[in-house]
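Please read the structure below before turning to the comments.
Proteins come first, then strands; the chains are lettered A, B, ... in the order of their sequence lines, and each starts at number 1.
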Amino acid sequence: MLTVLVDYESGNLHSAEKAFQRMARELDAGEILVTSRAEDVARADRIVLPGDGAFPACRKALDQTGGVFEAIEEAVTRGGRPFLGICVGMQMMASWGREYSDTRGFDWIGGEVVRIEPANPALKVPHMGWNDLVVDNPHPVLDGIQTGEHAYFVHSYHFRVADPAERLAHVEYGQELTAIIGRDNIVGTQFHPEKSQRAGLRLIANFLRWNP
Amino acid sequence: MLKTRIIPCLDVADGRVVKGVNFVNLIDAGDPVEAAKAYDAAGADELCFLDIHATHENRGTMFDLVTRTAEQCFMPLTVGGGVRTVADVRALLLAGADKVSFNSAAVANPDVVAEAADHFGSQCIVVAIDAKTVEPGRWEIFTHGGRKPTGIDAVEFAGTVAAKGAGEILLTSMDRDGTRAGFNIPLTRAISDAVSIPVIASGGVGNLDHLVEGVTEGGASAVLAASIFHFGDYTVAQAKAHMAAAGIPMRLA
């Protein structure tokens, strides 16, 4: 089995690679490959799309990485391959990103990504640090991860999901912020599983075992 | 609910952990990677490596440390010391740092913060501010380990770098650093109130009540400490339990 971490020069894949490698080794779940080649994505059994930085910059960088987005879309929407988006990789699954300008997302999960604007000025932006998950909808990637477990977040924009059934978990920060989204063969986490110690490694393991 | 973070800071020189008392009298306290693993296991919320002797020649040692730490610790790691350019930020992120901290370079040229935030996103750009009291209610930025005054007002500078795209401020009181007398609360409060980004309080922690004060009175989103943890005065778990008992939301093991 081959799991690819898509490298389109939007952030640091080192930690993610190490975390996926560790769980793949423990589960005997095959090979982890960091790649920016469309042909690797096309032959992958599972696809992970990380992303750090601004939504428009990530979208642009992805579109400029020769044929990679087309390969992802083909594998995920027609091939039914399991997909995990992380942070901005998750946000790009939305219909729209509203960061700086209006940028089209993949439109896989209806909704838009908007700035976090807490009514209480004591709540800082970015939303940075450990927050406890509230599970909205049970899902195989959440196996063994209960409400109250902590995950590590760092983001200034959040995903307002149109269909509540597609929001798997959220956190409280003056308002509800989407933490995990999913439907069919696609999931995404706003937090960084590779930085979230126990719950994060568990989610990675669940993803590597998931057969939607 | 978002939890207040406890961040042990490892001062690193030539590949080893040290802790400066007012930035002199360095005492060797071990291997940074082993220390990082211990803090990961102990429930620290993040880690910070500060390269206090950063020079062009020894950069490789720091990259190696960061890489080895990131391979073994699945928690956020901030690295600072000697970071001057966007290329420095890129190299540390590629080595496995999650956040990179500017210090003197941001004072000399605040635009480097904007440049780095544009490239990599605000989430990974920290600005470390070393401030010293010059008169009651006024604090000035000092660089070069607290030796060099700049004439720049710390509160004003915090606002500047936040506007340039810094994602977080690591605020060290040079009056308090190494004294164990507690955080400089008025300074922490002034900066925290002046910016909408998170502020990490640093410098002066001697006991667990100091950590509480940094949050409840100083308004800090995170507290950074070194000696009280490195020398085993308190464990991270004790610190968290103490802060939780004071009503601060903490991530408990």
Side-chain angles (χ1 to χ4, degrees), chain A residues 9-23 51-55 57-58 61 87-88 99-100 116-118 121-132 134 148-157 171-174 177 191-201 204, chain B residues 1-7 40-41 43-46 66-77 89-90 92-100 116-126 162 165-169 192-193 195-200 219-222 249-253:
Chain A
E9 297 195 350
S10 280
N12 154 33
L13 298 189
H14 187 81
S15 313
E17 181 188 8
K18 294 299 166 192
F20 276 84
Q21 277 174 350
R22 174 165 151 186
M23 298 325 285
D52 283 321
F55 190 120
C58 283
C87 201
V88 181
E99 185 168 358
Y100 301 127
I116 301 170
E117 286 174 336
L123 296 179
K124 304 284 191 169
V125 178
H127 170 237
M128 185 184 289
W130 297 86
N131 205 330
D132 50 315
V134 180
E149 291 225 38
H150 287 89
Y152 186 81
F153 292 81
V154 48
H155 60 125
S156 300
Y157 288 76
V171 294
E172 289 289 342
Y173 194 60
L177 302 180
F191 59 87
H192 288 263
E194 76 279 15
K195 289 290 151 191
S196 295
Q197 293 174 333
R198 199 208 78 87
L201 293 175
I204 289 170
Chain B
M1 186 187 285
L2 189 70
K3 305 304 189 288
T4 297
R5 291 167 283 155
I6 291 186
I7 309 175
D40 189 14
D45 297 306
E46 290 184 19
V66 172
T67 302
R68 287 193 291 131
T69 303
E71 281 168 6
Q72 300 177 60
C73 297
F74 299 107
M75 66 189 303
L77 174 65
V89 176
R90 178 188 297 277
L92 284 167
L93 292 176
L94 287 175
D98 298 289
K99 298 187 246 181
V100 174
D118 284 347
H119 268 77
F120 309 109
S122 293
Q123 84 289 336
C124 66
I125 305 301
V126 180
E168 191 168 45
I169 286 172
S192 180
D193 284 348
V195 297
S196 63
I197 57 176
V199 173
I200 305 169
S221 299
M250 302 301 294
R251 181 179 68 117
L252 302 171

Quiz prompt | Part of P126(A) lying under 4.5 Å from any heavy atom of chain B | solution = both
Quiz item: Measuring heavy-atom distances to chain B, does V154(A) have an atom under 4.5 Å in its side chain, in its backbone, in both, or in neither?
Solution: both
Exercise. Check each atom of A19(A) against the heavy atoms of chain B and say whether the ones under 4.5 Å are side chain, backbone, both or neither.
Key: both
Quiz item: Quick one: what part of T4(B) sits under 4.5 Å from any heavy atom of chain A, side chain, backbone, both or neither?
Solution: neither
Practice problem: Tell me, for R251(B) versus chain A, whether the close heavy atoms (under 4.5 Å) come from the side chain, the backbone, both or neither. | Solution: both
Quiz item: For S122(B), is it the side chain, the backbone, both, or neither that has a heavy atom closer than 4.5 Å to a heavy atom of chain A?
Solution: neither
Quiz prompt | C73(B) portion near chain A, given a 4.5 angstrom heavy-atom threshold | solution = backbone
Exercise. Please state whether the side chain, the backbone, both or neither of D40(B) comes within less than 4.5 Å of a heavy atom of chain A.
Key: both
Quiz item: Contact part of L177(A) toward chain B, heavy-atom cut-off under 4.5 Å: side chain, backbone, both or neither?
Solution: neither
Quiz item: Is E149(A) salt-bridged to R198(A), cutoff N-O under 4.0 Å?
Solution: yes
Quiz item: Most heavy-atom pairs under 4.5 angstrom with chain B, which of H155(A), H192(A), R22(A)?
Solution: R22(A)
Exercise. Tell me, out of E46(B), Q72(B), M250(B), who's got the most heavy-atom pairs with chain A below 4.5 Å.
Key: E46(B)
